[in-house]
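Keep in mind it's a predicted model, so treat the numbers as computed, not measured. Values below: all heavy atoms of this structure, side chains included; hydrogens, waters and symmetry mates excluded. Here is how names work: the chains are called A, B, and so on, in the same order as the sequence lines, proteins then strands, and each is numbered from 1.
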There are 2 protein chains.
Amino acid sequence: MPHRTQKPKNNLNTKLARNIGERILLGEFQPGGLLPNEAAWGKAFGTSRTVVREALKTLMAKGLIESRPKVGSKVLPRSQWNILDRDVLDWHHAAVDRQAFFQSTQEVRRLIEPGAAKLAAEKRNVAQLARLETAFTNMKKAKTAQESVIADVEFHEALMAAANNDLLLPFGIIIEKALGDLFDFTTHRNPQPKQAIKLHERVLLAVRAADGKAAIKAMNTLLDNTDGLLAPVSTKGK
Amino acid sequence: MPHRTQKPKNNLNTKLARNIGERILLGEFQPGGLLPNEAAWGKAFGTSRTVVREALKTLMAKGLIESRPKVGSKVLPRSQWNILDRDVLDWHHAAVDRQAFFQSTQEVRRLIEPGAAKLAAEKRNVAQLARLETAFTNMKKAKTAQESVIADVEFHEALMAAANNDLLLPFGIIIEKALGDLFDFTTHRNPQPKQAIKLHERVLLAVRAADGKAAIKAMNTLLDNTDGLLAPVSTKGK
DNA sequence: AAAATTGATTTGTCATACAAAAACTATTGC
DNA sequence: GCAATAGTTTTTGTATGACAAATCAATTTT
């Protein structure tokens, strides 16, 4: 896990939410099924009902469960799950095949990022462009593979932000996870890819020039390259 | 508001979360700023601290705030907000200009839906196709404009599901809101648009025929039409 | 058979107390 | 003077016990 800007909170309710959340994502508790009641969790974990309730509240807020008196907490259908929530995505990530997960992130990036790059080229303001430039500079300056990934993620998030559409922001999380996996898969023999720099530079140039079409093309090329990076790697995921 | 499948919970903690959430989205509490502490909310609302804490937990889970002892609850930067969460999107929707919001949903739909339609055409299984067919049938059978919108939303959500990529599911919420607005804006003089049926049928045929390219084209045409629907309407949003 | 009543179970809310974290302040030692 | 240190204070975190409210299931009543 190369990048981690926020230290994870380790309160009891957070830990319990993580525990239950992971198990839901793993399929131990299936959609439509019921969770043990609050008292049972409390006994199982040696915590008060207060903690249990706050953990369940967290899961409710993320769309994983729904609670009603006399009934209990029911796992909601997957369509209700807030998969683009950072925690939920983490739990999902821990539960599924790495290779398949990466493929689905790539699929989504194919949909979003070229169009987002176009929007960014057409609508970015100076501050947003500056942020993108900084991220690119940091990619070039990066000494370690880890620094490089962090700057890479920041580049793509800056691009998303430059598209000036709030509804696109949650996608940053997907990119973050995707690049994190890419790092895990390829970093060993690919410490500082010069080609990646060039590909990102082309995106930056297009955005700087406010050239939407070029931005699309550059981003697609970048994603082509990303696809290629993963292919030759042996499956070592879970 | 034409479609509402789940009755809204009216527990105290839910109401308080909504109250605070709306005010954050409205900008009354700005990112980086602090919320009043738990005791203050309790006094202001005449509720126990338990309720306040569960409300705040909800907001934490949605990425709106972050709490630390001695400091309090800080509003997080917008990039952390889970805007694709149903509640957050509702609050956002209530806070922004309707016309601008609709435009941003259209922008996102332009990115996602054609590609999603392609994936659906290529990867859908029989059950998923059947769901799509049913939704389309319901669109045709719809007696009222309201029924029509519900079926329309279901059609697009079924399409999303047929793409077989969990990461795309959260987008259903955007479509739901977008079509809801469209309904509010245009339904008066556009009770049952035959053209819309035809456009959706083309998408369905492409998916049925597993023709990815045709699916993209059909969806783009559909979105062109959607754009056109809004344009001539006078601004009556807030 | 349908409707109203009762009973049991689970979540929802309240009140109070104390623990733990973290910023702030004062003190100490050099 | 300054830095490390130790205490102080404020705010959230957790525990406990009690009761209210919602709701499903069975029972009774009509």
Q: With B:Glu147, which residues qualify under side-chain contact (heavy atoms from CB on, under 4.5 Å), at least two apart?
A: B:Ala142, B:Lys143, B:Thr144
Q: Can you check side chain to side chain contact (heavy atoms under 4.5 Å, CB included) on A:His92 and A:Ile83, steps first, answer last?
A: CA-CA 8 Å; A:His92 176 71; A:Ile83 188 96; 3.6 Å; yes
Q: Using a heavy-atom distance cut-off of less than 4.0 Å, which residues of residues 35-43 of chain A contact DNA chain C?
A: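 Under 4.0 Å from DNA chain C: A:Asn37, A:Glu38.
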Q: Residues two or more places apart in sequence or in another chain: which of them pass salt bridge (Lys or Arg N to Asp or Glu O under 4.0 Å) with A:Glu133?
A: A:Arg208
Q: Can you say whether the rings of A:Phe171 and B:Phe171 are parallel (under 30°), tilted (30 to 60°) or perpendicular (over 60°)?
A: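 Answer is parallel, since the angle falls under 30°.
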Q: Judged by each residue's nearest nucleotide on DNA chain D, which is more toward the 5′ side, A:Val71 or A:Glu54?
A: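 Final value for this comparison: A:Glu54.
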Q: Is it true that B:Asp85 and A:Lys62 make a salt bridge, defined as a side-chain N closer than 4.0 Å to a carboxylate O?
A: no
Q: What pairs with B:His200 under ring pair (Phe, Tyr, Trp, His ring centres under 6.0 Å), at least two apart in sequence or on another chain?
A: B:Phe155, B:His156
Q: List the residues meeting salt bridge (Lys or Arg N to Asp or Glu O under 4.0 Å) with A:Arg131, not counting sequence neighbours, and say none if there are none.
A: A:Glu154
Q: So which one's nearest nucleotide on DNA chain C is more toward 5', B:Thr47 or A:Lys70?
A: A:Lys70
Q: Determine the sole option in A:Asp152, A:Asp184, A:Ile174 for which the side-chain contact (heavy atoms from CB on, under 4.5 Å) test with A:Leu179 is passed.
A: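 Running side-chain contact (heavy atoms from CB on, under 4.5 Å) over A:Asp152, A:Asp184, A:Ile174 with A:Leu179 returns exactly one hit, A:Asp152.
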Q: Which residues in residues 10-19 of chain A have at least one heavy atom lying under 4.0 Å from any atom of DNA chain D?
A: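 Output list: A:Asn11, A:Leu12, A:Asn13.
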Q: Sequence neighbours excluded, which residues qualify as side-chain hydrogen bond (donor to acceptor under 3.5 Å, both in side chains) partners of B:Asn37?
A: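 B:Asn37: no side-chain hydrogen bond (donor to acceptor under 3.5 Å, both in side chains) contacts found.
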Q: How would you list, by chain and number, every residue that makes a ring pair (Phe, Tyr, Trp, His ring centres under 6.0 Å) with A:Phe136, sequence neighbours excluded?
A: none
Q: Going by the salt bridge (Lys or Arg N to Asp or Glu O under 4.0 Å) test, which pairs reach into residues 9-27 of chain A, not counting sequence neighbours?
A: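 Every pair satisfying salt bridge (Lys or Arg N to Asp or Glu O under 4.0 Å) with a residue in residues 9-27 of chain A: A:Arg23-A:Glu28.
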Q: Using chain A heavy atoms and a threshold of under 4.0 Å, write down where along DNA chain D the contacts begin and end, 5' to 3'.
A: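 The contacted stretch runs from D:dG13 to D:dC24.
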Q: Walk along DNA chain C from 5' to 3' and tell me the first and last nucleotide with an atom closer than 4.0 Å to a non-hydrogen atom of chain B.
A: C:dG12 to C:dA23
Q: Would you please name every residue forming a side-chain contact (heavy atoms from CB on, under 4.5 Å) with A:Arg53, sequence neighbours left out?
A: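 Only A:Glu38, A:Arg49, B:Glu54 meet the side-chain contact (heavy atoms from CB on, under 4.5 Å) criterion with A:Arg53.
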